[in-house]
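Quick notes on the structure that follows.
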Amino acid sequence: MIYRLLADITLLAHLLFVLFVIFGGLLVLLRRFFIWLHFPALVWGIFIEFFGQICPLTTLENHFRNLGGEAGYDGGFIEHYASAALYWQMSAQTQYLLGVLLIVFNAIVYFYVFRRSAKTV
């Protein structure tokens, strides 16, 4: 029972981390110090998307699930849960597209942050 709970907590932390990677730039708009947390997370998310790596949180969740007697899953967090939700397999091209969208969205946000801060100086 405890391992299933730990797996679920890891899953929740992973989901929150992914959302932070995607939308954390918006927090930078509110408070500039969030850049010190968001930018490294963003770089990590881009690395995972472009190089097809498995996030350590996926490995940790699978470890807890296996200890709890449940089956883990193959592939990465996004591939597993997004595919399950959208009923399609994520190809390498789709994964690259997600990486590009991640870069473009956050580049726009960071451009706005730095433009706004340049105006106030």
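Both I46 and V100 are members of a single hydrophobic cluster when ILVMFWY side chains are connected at heavy-atom separations under 4.5 Å. Clustering ILVMFWY residues whenever any of their side-chain heavy atoms sit less than 4.5 angstrom apart, transitively, puts F34 in the very cluster that holds Y112. Transitive grouping of hydrophobic side chains (ILVMFWY, heavy atoms separated by less than 4.5 Å) keeps L12 and F64 in distinct clusters. L97 and I48 are not part of a single hydrophobic cluster, where members link through side-chain heavy atoms under 4.5 Å apart. Hydrophobic clustering (ILVMFWY, side-chain heavy atoms < 4.5 Å, transitive): I108 and L101 are in distinct clusters.
Rounding to the nearest 0.5 angstrom, the gap separating the CG atom in L11 from the CG atom in L16 is 9.5 Å. From N62, atom CG reaches atom CG of L67 across 11.0 Å, with rounding to the nearest 0.5 Å. A distance of 11.0 Å separates CD1 of I9 from CG of L60, quoted to the nearest 0.5 Å. Between atom CD of residue E49 and atom CG of residue L102 there is a gap of 7.0 Å, rounded to the nearest 0.5 Å. Atoms CD and CG, from Q93 and L98 in turn, are 12.0 Å apart once rounded to the nearest 0.5 Å.
For the ring-ring contact (aromatic ring centres under 6.0 Å, His included) test, residues two or more places apart in sequence or in another chain that qualify with F50 are Y96. Here F111 pairs with nothing under the ring-ring contact (aromatic ring centres under 6.0 Å, His included) rule; sequence neighbours left out. In this structure Y3 satisfies the ring-ring contact (aromatic ring centres under 6.0 Å, His included) test with no other residue, sequence neighbours excluded. With sequence neighbours excluded, the residues forming a ring-ring contact (aromatic ring centres under 6.0 Å, His included) with Y110 are H38, listed by chain and number. Checked against side chain to side chain contact (heavy atoms under 4.5 Å, CB included), I2 has the following partners two or more places apart in sequence or in another chain: L5, L6.
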Output side-chain donor-acceptor pairs under 3.5 Å for residues 20-33, partner residues at least two apart or in another chain, one line each.
| residue | atom | partner | partner atom | Å |
| --- | --- | --- | --- | --- |
| R32 | NH1 | S117 | OG | 3.2 |

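Within the structure, side chain to side chain donor-acceptor pair (under 3.5 Å) pairs that include any residue of residues 21-30 do not occur (at least two apart or interchain). Applying the salt bridge (charged side-chain N to carboxylate O under 4.0 Å, His left out) definition to pairs two or more places apart or across chains, those involving residues 3-12 are R4-E70, D8-R65.
Although no hydrogens or angles enter the test, the distance criterion places a donor-acceptor pair under 3.5 Å between the side chain of Q53 and the main chain of F51.
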